[in-house]
Amino acid sequence: MNPLHTGIPSTLPQGAPPLRHYLQFADFSADEYHYVLQRAAFIKHKFKTFVRHQPLVDRTLAMIFEKASTRTRVSFEAGMYQLGGSVVHLTTGDSQLGRAEPIEDSAKVISRMVDLVMIRTFEQTKIERFAAHSRVPVINGLTNEFHPCQILADIFTYIEHRGPIQGKTVAWVGDGNNMANTWLQAANILGFKVHVSTPGGYEVDQAVAGVRSSDSYQVFADPMQACAGADLVTTDVWTSMGFEAENETRKAAFADWCVDTAMMQAAKPDALFMHCLPAHRGEEVQAEVIDGPQSVVWDEAENRMHVQKALMEYLLLGRLD
Ligand code: CP
Ligand code: NVA
């Protein structure tokens with residue numbers, strides 16, 4: 001027998017569930033979200049009470065960044081260490097990814113050495129191509145089209161503050177971007193409504209958002225009307241990463257899509273304000289709103305870590321209770 005052949009398959013840990021990726025919000029069912037959100041609360045409570053929770057000892061997460069990040073990097077990195085694992089951080093500039101090694105080859109190699117991969121990149125097709133050739137779960141850490149980990153954290157944060165999101169109304173004010181698309185998917189799956197208001201030319205595109213019907217969202221020309229009666233008002237930068245060349249045109253087009261105190265007053269009295277951050281005070285949101293009493297943006301940022309810990313655990317180990 002060849003002494004180098006151990007017979008151990010270099011794929012997922014023993015007893016692991018079938019290979020799943022998390023490339024967009026629609027990749028999980030409502031039932032799976034129910035589990036992952038409950039599990040995030042359990043994991044967060046353990047962390048806050050200094051009870052060690054390390055189901056991913058000896059497991060490694062590769063994080064590939066083709067765009068800048070603060071929250072996504074820190075939350076995944078800290079979260080993976082807390083789970084007992086370790087991380088490898090790669091960027092386009094410091095790896096062969098930036099020297100045109102095919103994505104497919106990169107996926108085959110990286111996924112033989114690590115147990116999970118998180119990718120922040122441009123087109124959704126890039127992460128899909130990587131996942132198609134990966135032996136291990138791939139997580140979307142933001143693409144031009146989607147930001148599912150952020151919306152997972154936002155929904156967890158809403159539930160923490162106000163209870164179930166089912167039947168509620170979320171007002172989206174601003175760009176029809178990756179965040180807006182992901183809100184539309186989440187509304188479809190979890191049974192809430194999104195009021196979308198964007199300037200002309202920056203609308204959400206149902207096909208890009210990957211939703212089949214407009215049942216769970218409604219478009220408003222006037223952002224004040226979108227906010228009327230909302231349970232949650234949320235926005236994002238006017239210019240997303242990768243679109244910097246459009247910055248000046250966008251500033252002019254979006255001038256009336258700044259979430260201000262009047263919009264918050266149009267929403268329900270107990271409405272929350274969220275922003276995935278980074279924020280530009282005086283552009284998409286007034287300082288009085290993001291720094292005001294209805295804002296939960298710091299909880300929202302922190303919760304990235306707790307929900308992603310639950311997500312990584314679920315992808316690698318499946319349901320544990
Ligand atoms: N919200 C978010 O994804 O932040 P970063 O760009 O800092 O990761
Ligand atoms: N829509 C923003 C989100 C940043 C976290 C972007 O893609 O740049």
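Each ligand, and each atom within it, is numbered from 1 in the order the structure gives. For the numbers below, each heavy atom of this structure counts, side chains included, while hydrogens, waters and symmetry mates do not.
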Return each pair, listed once, that meets salt bridge (Lys or Arg N to Asp or Glu O under 4.0 Å) where at least one residue sits in residues 303-317; pairs must be two or more places apart or across chains.
->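 Found Arg39-Glu313.
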
Give a table of atom pairs where an N or O of ligand 2 lies under 3.5 Å from a protein N or O.
unit_1: ligand 2; atom_1: 1 (N); unit_2: Asn177; atom_2: ND2; d: 3.4
unit_1: ligand 2; atom_1: 1 (N); unit_2: Asn178; atom_2: OD1; d: 2.8
unit_1: ligand 2; atom_1: 1 (N); unit_2: Asp236; atom_2: OD2; d: 2.6
unit_1: ligand 2; atom_1: 1 (N); unit_2: Ser240; atom_2: OG; d: 2.7
unit_1: ligand 2; atom_1: 7 (O); unit_2: Asn178; atom_2: ND2; d: 2.8
unit_1: ligand 2; atom_1: 7 (O); unit_2: Ser240; atom_2: OG; d: 3.4
unit_1: ligand 2; atom_1: 8 (O); unit_2: Met241; atom_2: N; d: 2.8

Any idea how Tyr314 and Tyr35 line up, ring-wise: parallel (<30°), tilted (30 to 60°), or perpendicular (>60°)?
->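 Tyr314 and Tyr35: tilted rings.
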
Do the ring planes of Phe28 and Tyr33 sit parallel (below 30°), tilted (30 to 60°) or perpendicular (above 60°)?
->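 Judged by the thresholds at 30° and 60°, the geometry between Phe28 and Tyr33 is tilted.
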
Is Glu32 paired with Arg319 through a side-chain N to carboxylate O contact shorter than 4.0 Å?
->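 Glu32 and Arg319: not salt-bridged.
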
Are Asp231 and Arg162 ion-paired here, with the side-chain N under 4.0 Å from a carboxylate O?
->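 Result for this pair is no, no salt bridge flagged.
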
If you group Ile, Leu, Val, Met, Phe, Trp and Tyr whenever their side-chain heavy atoms sit less than 4.5 Å apart, what else falls in with Phe122?
->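 When side chains under 4.5 Å apart are linked, Phe122 ends up in no cluster with other residues.
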
Would you indicate whether Gln166, at its atom CD, is surrounded by more than 12 heavy atoms from other residues, nucleotides or ligands within a distance under 6.0 Å?
->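 No, the 6.0 Å shell around CD holds no more than 12 heavy atoms from other groups.
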
Name the residues in contact with ligand 1, where contact means a heavy atom under 4.0 Å away: which are they?
->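 Near ligand 1, by chain and number: Ser69, Thr70, Arg71, Thr72, Arg120, His147, Gln150, Cys276, Leu277, Arg304.
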
Looking at the rings of His89 and Phe65, which for Trp means the six-membered one, are their centres under 6.0 Å apart?
->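 Under 6.0 Å, so yes.
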
Asn188 versus Ser216, closest heavy-atom pair with distance |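 Closest approach of Asn188 to Ser216: OD1-OG, 3.3 Å.
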
